[in-house]
Amino acid sequence: MLSMKNISKVYQTEKVQTHALRDFTLEVSEGEFIAVTGPSGSGKTTFLNIAGMLESFTSGDFILDGVNVGQLNDNQRADLRNQKIGFIFQGFNLIPDLNLFENVEVPLRYRGIKSAERKRRIMECLEQVGLASRAKHLPQQLSGGQQQRVAIARALAGEPRFLLADEPTGNLDSLMARQVMELLEEINRNGSTIVMVTHDPELARRAPRNIQVVDGQIADFTLYQHGGASVPRKSNTVAAVNPMSVEV
Amino acid sequence: MFWHYIDLSWRSFKRTPMVTVLMVLAIAAGIGITMTSLSVYHMMAMDPMPHKSSQLFHPQLNARDDGDDWWTEDNLPHQMTYKDAMNLYRADIPRLKAPSMRTGFSVNLNSPDVKPFIESVRMTSRSFFSMFEFSFIHGAPWSQGQEESAAMVTVISRSMSETLFGQSDSVGENVYFDDNVFQIVGVYEDFDYHVKFYDLTNGAFNRAENAMIPITLIPPLKAQTWGNTNGWKFEEINSYQDMLNSEQAWLQFWVQLDTTEEEKEYREFLTNYLIEQESLGRFEREEVHFALRNLTQWMTYNRVVTEDNRILVSASFMFLTVCLANILGLLLGKFLRRVPEVGVRRALGANKRQVFLQHLVEVGLLGFIGGIIGIGIAQLGLWGVRATYSYYSAIATMDISMLLAAPAIAIGACVIAGIYPAWLVCRTNPAICLKTQ
């Protein structure tokens with residue numbers, strides 16, 4: 001469903017070449033829930049941005065749902081992103097001028113869905129996250145946890161094949177973080193594929209599959225069964241600790 | 001999506017009201033000033049009779065010796081001598097021809113009820129009314145017989161009829177022009193053109209005459225012109241008859257030529273006429289020299305639109321450009337602050353084109369609002385022109401085309417100013433936009 005082979009991402013400035021990802025290879029199957037962990041600056045967000053087609057990659061192959069992403073132009077990537085991917089951000093990223101209904105409506109408008117169908121889907125998604133009664137509220141009238149639930153509803157509204165979550169609980173207290181995590185698990189049980197970047201090892205353990213990214217490469221991955229019990233840990237090819245930046 | 005973009009634009013305006021007000025005021029001021037000068041220019045330059053202007057011609061004859069110059073660019077007099085005007089008037093071709101001259105009288109009813117007033121009066125032929133499409137609301141022009149017999153008849157405008165008689169229908173009534181009694185045979189609708197194109201020699205924007213009498217009354221009334229008289233040689237003029245026989249040019253002359261064949265025929269006629277006049281010893285020339293300009297050519301030749309007007313329009317557009325430069329700066333600031341939101345929209349599936357269009361619609365709406373307010377400022381400016389210069393009162397106004405042009409120019413100008421900021425925003429990498437959240 002999502003296949004990355006030897007993906008590299010190099011940021012080039014006049015003096016410094018920074019390898020954000022190197023030979024990054026990953027296969028994600030339909031219905032998986034993957035947690036991506038790793039230290040700051042390890043390349044987790046770059047991986048997520050490339051997976052969400054928000055950023056281009058320097059080399060490698062990236063197939064998303066049968067489409068070779070490397071061959072798409074910017075507009076085609078935007079269309080594919082709109083149809084296949086839902087984003088959940090750490091900072092929620094709700095548009096402050098729009099009420100909850102209108103925020104959830106944004107991806108649907110860009111897809112050109114008719115008004116009646118939009119309304120049905122929006123209310124369904126807000127219902128799912130328990131905020132249907134507050135559809136006319138503005139984001140700033142909600143708590144952080146509620147805002148993140150709206151962001152999840154917005155990500156779900158387009159019925160995407162993938163949900164990409166970047167530290168979805170990073171700005172929440174533990175209670176709200178647990179609620180959001182439970183919501184994501186429920187969404188996953190309903191069939192959505194989720195890739196979640198997190199710093200929180202406890203949250204990561206709740207995902208059936210963990211990937212650890214170090215220095216732009218997959219260092220380890222772990223499979224858990226039923227929320228916590230690990231199965232034998234597989235070692236991936238772990239490169240020696242390489243400096244991320246080299247002088248050029 | 002268009003109405004959605006309009007909705008987003010409106011929300012954006014409300015989010016930054018001060019910046020919005022500044023931008024609207026800048027575009028409104030630019031449009032107001034531009035439309036004031038452009039409206040005056042437009043009214044000056046407009047073809048007053050677009051359906052007929054190519055059929056109405058103003059002949060100019062060079063009936064004077066070689067070596068004597070007129071002050072015009074092509075050495076041709078603007079007006080005609082009485083004898084040339086009457087010769088051409090009495091010629092067989094064309095069917096419609098109109099010598100004319102502006103004179104004036106004291107108008108009264110020989111009654112204490114109406115205060116006498118001085119009014120300019122045009123002396124012309126009955127063809128004048130059909131050539132320039134005067135619309136008669138009562139009666140009709142004088143007859144051919146009345147014209148030939150120099151009958152004391154007149155046609156007057158609706159406003160003069162109402163001034164004199166309190167009603168528009170005054171056909172059959174008598175009116176005094178100085179001490180002469182004229183019978184009113186027709187009342188025409190007030191001349192509604194902004195340029196008095198049939199007599200540019202007396203000021204293109206002066207008020208049209210409110211009364212007309214037959215041209216054939218010139219000799220019996222010994223009518224004096226209320227316009228310019230130009231001559232090219234010394235002549236002893238001791239009597240009115242001397243004036244009529246002189247080489248002094250003081251009449252205007254128009255012909256209507258409906259086809260190119262008629263025009264060609266009339267050019268041949270004028271050539272032969274001048275050869276004939278030369279053979280009578282009036283002047284000595286090596287070559288026959290005349291011009292036959294149609295209405296729009298005649299307006300251009302007479303510089304109805306002056307160089308000053310063109311400079312004024314250019315200057316006002318420069319002012320608009322300065323306003324746009326300010327708007328561009330404000331838009332840059334406003335749009336770049338919105339980069340994080342654009343990042344979210346891009347992440348949710350908006351492509352660059354949609355982001356670009358959203359921002360262009362916003363600047364377009366800004367231009368529309370500025371344009372509407374600009375029309376108000378332009379109306380104020382035109383009112384100022386009318387109040388200061390009564391000569392321009394007929395043209396210091398906005399017609400429907402200018403009313404429509406104002407918002408169109410404002411929208412166009414704002415869109416041009418907004419292209420760069422909108423392009424800058426839409427090309428930003430969404431991943432970088434999101435990092436700035």
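Keep in mind that this is a model prediction, so the values were computed, not measured. We name chains A, B, ... by the order of the sequence lines, and we start the count at 1 in each one.
- Atom CZ of Arg353(B) sits in a sparse spot, with 12 or fewer heavy atoms from other residues, nucleotides or ligands closer than 6.0 Å.
- Here the closest heavy-atom approach between residue Ala78(A) and residue Ala350(B) is recorded as CB-O, 3.8 Å.
- Atom-to-atom distance recorded for Leu348(B):CG and Ile85(A):CD1 is 11.5 Å, nearest 0.5 angstrom.
- Once rounded to the nearest 0.5 Å, the distance linking CZ of Arg346(B) with CZ of Phe87(A) reads 11.0 Å.
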Could you walk me through whether Asn93(A) and Arg345(B) satisfy the side chain to side chain contact (heavy atoms under 4.5 Å, CB included) test, starting with their C-alpha distance in whole Å, then the side-chain angles of each, then the deciding distance to 0.1 Å, before giving a yes or no? CA-CA 10 Å; Asn93(A) 286 353; Arg345(B) 289 186 178 278; over 6 Å; no

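- Contacts of Arg154(A) with chain B are made by side-chain atoms alone, with heavy-atom separations under 4.5 Å and no backbone atom involved.
- Within a 6.0 Å sphere centred on CZ of Phe368(B), other residues, nucleotides and ligands contribute 12 heavy atoms or fewer.
- Taking Met53(A), Arg109(A), Arg77(A), Gln83(A) one by one and counting their heavy-atom pairs under 4.5 Å with chain B, the maximum is reached by Arg109(A).
- Contact annotation for Arg15(B): only side-chain heavy atoms (C-beta onward) come within less than 4.5 Å of a heavy atom of chain A.
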Carefully, step by step, assess Asp97(A) and Arg338(B) under the rule salt bridge (Lys or Arg N to Asp or Glu O under 4.0 Å). CA-CA 12 Å; Asp97(A) 294 340; Arg338(B) 202 187 289 169; over 6 Å; no

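- At a 4.5 Å heavy-atom cutoff, the contact between Glu102(A) and chain B is made by side-chain atoms alone.
- A 6.0 Å sphere centred on NZ of Lys119(A) holds no more than 12 heavy atoms belonging to other residues, nucleotides or ligands.
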Derivation and outcome, side chain to side chain contact (heavy atoms under 4.5 Å, CB included), residues Arg11(B) and Leu98(A): CA-CA 9 Å; Arg11(B) 288 166 195 251; Leu98(A) 308 182; 3.6 Å; yes

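- Within 6.0 Å of the CZ atom in Arg310(B), the count of heavy atoms belonging to other residues, nucleotides or ligands exceeds 12.
- Between Asp74(A) and Arg427(B), none of the side-chain N atoms (NZ, or NE/NH1/NH2) sits under 4.0 Å from a carboxylate O, so this pair counts as no salt bridge.
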